[in-house]
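Keep in mind the model is a prediction, meaning the values are calculated, not measured.
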Amino acid sequence: MGFYFYLTIIIGFSLIYYGYVKKKDNELKIKEIELEEKKVELEMKKLDYDKTNSIL
């Protein structure tokens, strides 16, 4: 009986840790995507600025 109890506890902690690691990985990917989006917006603003200054 004790063996199955400890086995269940170890499996439970393993699943909690796996979920925590996956959550952190997903948060990191979201931050990377947001950074890439900001880079694209900055590049678009640069192009618009260059376009308006070349007309003048």
Looking at residues at least two apart in the chain, or sitting in another chain, which of them share a salt bridge (Lys or Arg N to Asp or Glu O under 4.0 Å) with E32? none

Fellow cluster residues of L28, listed by chain then number, with links counted only when side-chain atoms sit under 4.5 Å apart: none

Can you give each donor-acceptor pair under 3.5 Å made by side-chain atoms of residues 2-19, sequence neighbours left out, with the distance rounded to 0.1 Å?
| residue | atom | partner | partner atom | Å |
| --- | --- | --- | --- | --- |
| T8 | OG1 | Y4 | O | 2.7 |
| S14 | OG | I10 | O | 2.8 |

Could you list the donor-acceptor pairs under 3.5 angstrom formed between side-chain atoms of residues 33-45 and any protein atom two or more places apart in sequence or on another chain?
none

Listed once per pair and sorted, the salt bridge (Lys or Arg N to Asp or Glu O under 4.0 Å) pairs that draw on residues 15-26, sequence neighbours left out: K24-E27

